[in-house]
Every structure is written in structure tokens, then in C-alpha cells.
Amino acid sequence: MSFLPITREEIGDRQVDIVYVIGEAYVDHPSFGHAIVSRLLQSLGIDVAIIPQPQNDADYTRFGQPKYGFMVSSGVVDSMVNNYTVAKIKRTRDVYSEGGDVGKRPDRCVDVYCNALKRLYPNAPIIIGGIEASLRRFAHYDYWKDTVLPSILVSSKADLLIYGMGERPLKEIFAMVKKGIPLDKIKDVRGTCYLSTFDSLSAKLKKGIEEHTVEFSPSYEQVKQDKLQYVHAFNAQYSNNDPYHGKTLLQKHGDKYLVQNPMQYPLSVKEMDEIYDLPYERTYHPSYTRGVPAIEEVKYSLTSVRGCFGACNYCAIAFHQGRIVQKRSKENIVKEAESFVADKDFKGYIHDVGGPTANFRDPACEKQKTMGVCKDKSCIGYKPCPAMKVDHSEYLDLLKTLRQIEGIKKVFIRSGIRFDYLMYDKNPEFLYELIKHHVSGQLKVAPEHIADATLQAMNKPSFDVYLKFKEKFDAINKKLGKKQYLVPYLISSHPGCTLKDAIRLAQYLKSIGYMPEQVQDFYPTPSTKSTCMYYTGINPDTMKPIYVAKTKKEKTYQRALMQYRKKNNYDIIVEALKEAGRQDLIGFGEDCLVKPTKDEAIANSKARANANNRANTNSQFSKGKNKITGKSKVSNQGVKCK
């Protein structure tokens with residue numbers, strides 16, 4: 001099977017059914033959403049051509065107007081996150097472009113691409129999807145403009161938006177298209193959104209409004225003006241993000257309504273297997289002579305699951321992929337691993353086996369399989385739900401089978417082990433096997449912080465859970481005679497984290513002799529719960545105010561404290577410690593974070609000497625006091641009494 005066409009010469013004079021415009025280089029590998037979507041459409045008999053990273057009108061028009069319409073996606077990453085650091089500085093590398101070059105994907109590329117297509121082909125329907133569209137489907141806070149923006153359907157002028165994972169909606173949409181229904185007339189498909197005037201809403205939807213089976217979110221105008229309304233809107237969106245109990249949700253934008261149909265149902269094991277059995281080339285298009293860096297980590301990795309019931313508040317996965325874990329069969333994964341061995345470039349090392357969370361293999365509990373996730377409860381987070389099923393046996397069996405395949409030397413796990421889930425497993429076998437066979441010297445885990453208030457705001461477990469995990473990890477490594485280490489992911493400036501909390505974290509890092517090479521400052525990406533807290537200063541779970549470090553100075557303090565050893569952070573750390581009243585951490589003591597400067601040391605030494613002298617003087621003076629009155633016996637010396 002060859003790559004799908006990206007040039008006019010490859011299709012000749014024929015009119016293709018769909019032209020798929022993407023914000024990244026064309027990589028035909030199942031780790032890339034555009035590869036899955038295009039191969040799925042091809043399997044449905046749809047003739048697809050791809051325009052990767054168009055730069056001008058000639059690029060947009062190279063295939064002419066397609067029979068059914070255009071599809072547009074930013075790619076694996078939101079274009080603004082891809083193009084800018086959290087400090088809003090332009091990135092110098094784009095791993096999803098040829099050679100890592102920057103500048104090939106415009107800011108807000110879904111809007112840019114759609115508006116260009118509407119200008120060139122005014123009557124051609126457009127479907128948008130992928131993470132940029134999915135997370136911007138409602139009115140949302142935009143960190144880069146520091147304001148609330150309307151739904152991306154408004155700014156892009158697209159006809160239909162697929163949110164979440166798109167396989168089910170695409171099958172349903174193109175079954176209708178083949179029956180002659182135009183793309184821009186398709187509305188009532190699960191996992192999709194569209195804009196409509198009230199008069200144009202379907203009779204079924206209007207009936208739902210009358211019977212209160214449809215829910216309304218505060219409007220774009222309301223959430224833009226009132227932060228409390230923004231929180232209410234977020235909670236409505238979050239609680240309806242479930243295929244089993246989620247309702248159709250409407251949000252008014254001017255004279256139109258954004259309509260979100262209920263979420264699509266999760267894929268079965270058989271359906272997941274079918275997706276990964278599609279005929280991928282498993283590499284980047286040969287026209288990219290300098291390669292595409294993003295393929296390096298995933299080419300010999302295995303996606304075993306999607307969805308995550310961990311639901312960390314700063315993470316977009318729960319709102320995009322959903323909280324119900326879906327899996328591939330063991331046999332299907334093993335078949336893919338066996339195909340690696342036949343690849344001449346394969347060196348025998350599988351880089352990863354997992355997904356959003358590697359050691360989640362099934363839904364959190366039996367209830368989720370038929371009734372969905374709880375609206376107002378977390379499965380794991382700060383405190384685990386008693387109904388959560390903890391079982392590593394199937395994942396462990398999969399790993400054992402993979403490492404027994406002839407030609408495979410090592411199977412690593414790098415895609416996020418939930419250490420708290422692991423600690424809740426009463427069977428210690430998985431942790432032992434993980435450390436013995438699947439760690440490449442370092443295991444990356446995500447405690448994220450040490451302060452309980454911050455961890456609660458993140459929906460992460462208490463730091464005590466991490467400490468107990470570290471203790472077990474170290475003990476097993478010692479028993480096995482291995483020198484392996486934990487690399488903790490940490491976030492600075494997350495909502496709920498005060499300067500005092502940041503100092504406590506720095507003290508802990510110093511106590512274990514560790515300083516992260518890079519610090520991840522909290523990045524307020526669209527539609528996460530943490531972003532809602534950042535923008536509004538309100539915790540959506542408690543509806544109470546929450547502290548947010550927003551100023552450049554506050555964020556700089558917290559980031560610098562994590563890297564307490566760096567010389568260029570010295571002045572910042574001293575300033576932060578003084579502001580917090582923690583000058584006791586500036587000195588030569590074992591617990592001190594930084595040493596004083598030479599001038600400060602001399603000044604401090606003189607101050608201590610003066611203090612000691614005063615203390616000695618006071619001590620001598622007090623020895624001369626009257627034991628009864630406490631008055632000095634020499635107070636009247638040289639004074640005549642009258």
C-alpha cells in the first residue's frame with residue numbers, strides 16, 4: 001500500500017471525494033490522527049488526497065474542489081501550543097514539520113486554513129476535527145490573547161466539528177454522504193457540533209428543549225463578561241462529556257446556537273483492532289528528505305489503549321478522548337510488534353507500550369461499561385474511588401508475551417505509569433516486573449508537586465503516595481542489584497500553588513539532591529479544568545476561590561525555586577525567599593537553598609557579632625539587678641538622694 005496522494009500529478013484528472021488539510025507533515029503512522037482518519041476513510045471507499053501545511057493559494061487549490069468537501073485538522077498538537085512556549089515565546093523547533101523547521105504551521109491554523117478554503121471555494125462544506133477543534137468547540141479562555149473567544153466554529157466558518165476521537169462519527173457521516181446527503185446538511189451525529197439559528201434546529205431538538213432533555217450552557221456573551229458564568233458553563237460541558245448520560249448541550253453565540261450532540265460511544269476491542277490493522281506505511285512521506293523528527297519516538301512504539309480515567313485537571317485528554325479506557329486485543333498488539341522485527345531498521349527495542357496512561361487497561365469500574373463515568377466523582381485523583389478496579393494482570397501478561405518474541409531485545413514503558421494506581425494494587429508482581437524488565441535506567445513519573453492543596457487542585461494523589469512508591473522502587477532495585485532512578489515530572493505555578501508551597505518543593509528537591517533540567521510552568525491550554533481555575537480564580541469542583549500565580553514575577557519565582565542550583569536564578573531565589581520571609585534559607589546550613597553573597601556574609605557576620613555583644617552587655621547588666629525589685633543596684637550611683 002502506497003502513501004495517499006499529496007500532489008496533483010498523483011491523481012491525474014480525477015476529482016477526489018475529500019481533500020484533507022493538515023497542520024503538520026504527512027506521516028502515515030497510527031500515532032498521528034491524520035493517518036488514522038485518512039486510512040479509515042480510504043477503507044470506507046472514500047477517495048482522499050492530503051494537503052500538508054499549505055502556504056499559499058496554489059497549495060489549497062492543487063486538487064481543485066473535491067466531490068464531498070474538505071476536512072481540516074491542526075494535527076497532533078494545538079497550533080498555539082506547538083508554536084509558543086508557556087512564556088509566549090516563539091519556539092525554535094517544530095518536531096511535526098520536516099527537519100524540525102518552524103514557520104510551516106500558522107497560529108490558529110484551523111481558522112487560517114478554513115477561512116482560506118471558504119474564500120477559494122465558498123460552496124464547499126468543511127469538517128474540522130483534531131485536538132485544536134475539539135478543545136475549542138465551546139466559548140473558551142484563550143491564554144495567548146488573554147480573553148474568552150467564541151467557539152472555533154464561529155471563527156473558522158466550518159460547517160461541522162468532530163470532537164474527541166473521530167472514527168465512529170466519520171463512519172456514520174460518510175454512510176449518509178454515500179446516500180446522497182450533503183456534508184453541510186448532516187447534523188444529528190454523536191460526537192459532532194454545529195452552529196444553527198433557533199428556527200433551523202431540528203424538530204427533534206426543539207422537542208427536547210420543551211421536554212428539558214436538552215441542556216443549555218451560559219452563552220458566549222455571558223461567559224465573556226462574567227467569570228462565575230464561565231465556571232457554570234465549564235461544569236455543564238464537563239458533566240455532559242460522557243456517551244451514556246451526557247445530554248445534547250447548547251450554547252448561544254449571538255443569534256446562533258452552538259449545538260453539541262452527545263459524545264460518541266467508545267470503540268469495542270474489535271473496532272480498535274480494525275483501526276490499527278489499517279495499511280499504514282508507518283513512516284513519513286518520502287518527499288521529506290530531511291525526515292520528520294516526531295516519528296523517532298513512536299515508530300517502534302505500541303499504542304495499547306486510549307482514554308484515561310486519571311483525569312488530571314491540567315490535562316486535555318479527559319475532555320478529548322474521554323475517561324472511559326478503550327483497548328486493543330493482546331493478539332493485535334503482538335501482531336504489530338512482530339511486524340517490527342521484519343523492519344530492517346528495527347534494532348530490537350520497543351520504545352513504549354501504552355497510551356495516555358500505560359498501566360490502565362480497562363474502564364475504572366464495571367459501571368462505566370454501561371452507565372458511563374460519574375458526573376461529580378473522580379475515579380482516582382487525590383483520593384481513589386472505592387469502586388475502582390485495580391488489576392495489572394492483563395497488562396503484565398501482554399508485556400511478558402512481547403518480550404518473548406524472537407528478535408525483540410527489550411520492551412520499555414515510557415508513556416506515563418500511574419504510580420498511585422500501581423500502589424493500590426495488592427499484588428506486587430507488576431512493580432517487580434516493571435523494574436526488572438521495562439525501565440531503561442530512569443522511570444519518568446508525575447507526582448507534579450508536594451503540597452497537598454496544590455495536588456488536590458491538580459486532582460493528583462497526596463505526596464505521601466509518591467514517597468511510598470519511591471521507597472518500594474528503591475528497595476526492589478537494591479534487591480535486583482540495579483541502579484535505576486525515578487525522574488519526577490513537576491509543574492510550577494499551577495492554580496492553588498502559593499510561594500510558600502513552591503519553597504517547600506524546592507526544599508524537598510534539595511533534600512534528595514535533585515534539580516530538574518527543565519521546569520514545566522503550568523500552561524493554560526483550552527478547556528481544561530485547571531485553565532478554568534487560572535482564568536476565573538474559582539475551583540469548579542468547590543465553587544470557592546483558589547489562589548493563582550499570574551504575574552510574571554510570581555511565575556518566575558516558582559520556576560526558579562525548582563532550579564535552585566542555577567547561578568542565573570540566584571538573585572530571583574533570594575528575592576523570593578525574602579518576600580516570603582524565609583531568609584533562614586539563605587546561608588551555609590544544610591537546609592539552606594542558596595548561600596549568601598560575600599558582602600551579605602560579611603554583613604551577616606557583623607550583625608551576628610553585634611547581636612552577641614549586645615547580648616553579653618545585657619547579660620552583665622542583668623547580673624547587677626536587685627533580686628526582689630529587679631531594679632539595678634547601681635541605678636543611683638553618683639546621684640545624691642534628696
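The first residue of the sequence shown is numbered 1, and numbering continues consecutively from there. Given the structure is predicted, the values throughout are model-derived calculations rather than measurements.
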So, [X] and [Y]: side-chain donor and acceptor under 3.5 Å apart, yes or no?
{"X": "Gln237", "Y": "Ser527", "answer": "no"}
{"X": "Lys118", "Y": "Ser156", "answer": "no"}
{"X": "Tyr280", "Y": "Arg39", "answer": "no"}
{"X": "Ser79", "Y": "Asp107", "answer": "no"}
{"X": "Asn261", "Y": "Thr248", "answer": "no"}
{"X": "Asn240", "Y": "Gln260", "answer": "no"}
{"X": "His320", "Y": "Ser134", "answer": "yes"}

Legend entry - Arg414 to Phe412, cation-pi by 6.0 Å centre distance and 45° axis angle: yes
Inset, instruction - Answer yes or no for Arg137 and Tyr163: cation-pi contact, defined as NZ/CZ to six-membered ring centre under 6.0 Å and angle to ring axis within 45°. - result: yes
[X] side-chain N/O to [Y] backbone N/O, donor-acceptor pair under 3.5 Å:
{"X": "Lys88", "Y": "Tyr143", "answer": "yes"}
{"X": "Tyr523", "Y": "Thr85", "answer": "yes"}
{"X": "Glu10", "Y": "Thr7", "answer": "yes"}
{"X": "Ser301", "Y": "Glu297", "answer": "yes"}

Inset, instruction - Give the ring-plane orientation class for Phe234 versus Phe319, where under 30° counts as parallel, over 60° as perpendicular and anything between as tilted. - result: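 Phe234 vs Phe319 ring planes: parallel.
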Inset, instruction - Measure the acute angle between the ring planes of Tyr220 and His253, then classify it against the limits of 30° and 60° as parallel, tilted or perpendicular. - result: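 Rings of Tyr220 and His253: parallel, as their planes differ by under 30°.
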Legend entry - Test item: Lys171 and Leu40 side chains (from C-beta on) under 4.5 Å apart, heavy atoms: yes
Inset, instruction - Pick out which of Asp541, Asn539, Asn459, Asn235 makes a side chain to side chain donor-acceptor pair (under 3.5 Å) with Lys529. - result: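 Passing option: Asp541.
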Inset, instruction - Provide the closest heavy-atom pair for Gln65 versus Asn123 in the form atom of the first, atom of the second, distance. - result: NE2-C, 4.4 Å
Inset, instruction - Taking all non-hydrogen atoms of both residues into account, name the closest pair between Gly372 and Ile324 and its distance. - result: CA-CD1, 4.3 Å
Pairs of donor and acceptor atoms involving the side chains of residues 353-361, under 3.5 Å and at least two apart or interchain, shall be tabulated with distances.
residue: Asn359; atom: OD1; partner: Arg418; partner atom: N; Å: 2.9
residue: Asn359; atom: ND2; partner: His392; partner atom: NE2; Å: 3.1
residue: Asn359; atom: ND2; partner: Arg418; partner atom: O; Å: 3.3
residue: Arg361; atom: NE; partner: Glu394; partner atom: OE2; Å: 2.9
residue: Arg361; atom: NH1; partner: Ser304; partner atom: O; Å: 3.3
residue: Arg361; atom: NH1; partner: Arg328; partner atom: O; Å: 3.3
residue: Arg361; atom: NH2; partner: Arg328; partner atom: O; Å: 2.7
residue: Arg361; atom: NH2; partner: Glu394; partner atom: OE2; Å: 3.3

So how far is it from [X] [atom1] to [Y] [atom2], rounded to the nearest 0.5 Å?
{"X": "Tyr284", "Y": "Glu24", "atom1": "OH", "atom2": "CD", "value": "15.5 Å"}
{"X": "His494", "Y": "Lys460", "atom1": "NE2", "atom2": "NZ", "value": "10.5 Å"}
{"X": "Lys157", "Y": "Asn115", "atom1": "NZ", "atom2": "CG", "value": "4.0 Å"}
{"X": "Ile127", "Y": "Thr192", "atom1": "CD1", "atom2": "OG1", "value": "9.0 Å"}

Legend entry - Sidechain N-carboxylate O distance under 4.0 Å for Arg290, Asp101: yes
Inset, instruction - Could you give me the CA-CA distance, side-chain angles and deciding distance for Tyr276 and Thr303, then say whether side chain to side chain contact (heavy atoms under 4.5 Å, CB included) is met? - result: CA-CA 9 Å; Tyr276 287 87; Thr303 299; 3.4 Å; yes
Legend entry - Full working for salt bridge (Lys or Arg N to Asp or Glu O under 4.0 Å) between Asp57 and Arg119: CA-CA 10 Å; Asp57 285 0; Arg119 172 173 56 82; 2.9 Å; yes
Inset, instruction - Decide yes or no on side chain to side chain contact (heavy atoms under 4.5 Å, CB included) for Arg306 and Val325, but give the supporting numbers first. - result: CA-CA 6 Å; Arg306 67 168 57 158; Val325 173; over 6 Å; no
Legend entry - Partners meeting ring pair (Phe, Tyr, Trp, His ring centres under 6.0 Å) with Tyr300 (sequence neighbours left out):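 Checked Tyr300 against ring pair (Phe, Tyr, Trp, His ring centres under 6.0 Å); matches are Phe340, Phe346.
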Inset, instruction - In sequence, state the C-alpha distance, the side-chain angles, and the governing distance for His140 and Leu149, and then conclude on side chain to side chain contact (heavy atoms under 4.5 Å, CB included). - result: CA-CA 5 Å; His140 56 280; Leu149 296 180; 3.8 Å; yes
Legend entry - Pairs satisfying ring-ring contact (aromatic ring centres under 6.0 Å, His included), at least one member in residues 22-49, at least two apart: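 Checked against ring-ring contact (aromatic ring centres under 6.0 Å, His included) - neighbours excluded - the pairs reaching residues 22-49 are Phe3-Tyr26, Tyr26-His34, Tyr26-His285, Phe32-His34.
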Inset, instruction - List the steps, then state whether side chain to side chain contact (heavy atoms under 4.5 Å, CB included) holds for Ile51 with Tyr20. - result: CA-CA 6 Å; Ile51 302 177; Tyr20 192 11; over 6 Å; no
Inset, instruction - Could you tell me whether Tyr230 and Tyr535 have their ring centroids closer than 6.0 angstrom? - result: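 Judged by ring-centre distance (under 6.0 Å), Tyr230 and Tyr535 do meet the cut-off.
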Legend entry - From CA spacing to verdict: salt bridge (Lys or Arg N to Asp or Glu O under 4.0 Å), Arg105, Asp94: CA-CA 9 Å; Arg105 177 184 349 216; Asp94 181 355; 3.4 Å; yes
Legend entry - ring-ring contact (aromatic ring centres under 6.0 Å, His included) assessment of Tyr121 paired with Tyr60: CA-CA 10 Å; Tyr121 302 104; Tyr60 289 112; 9.0 Å; no
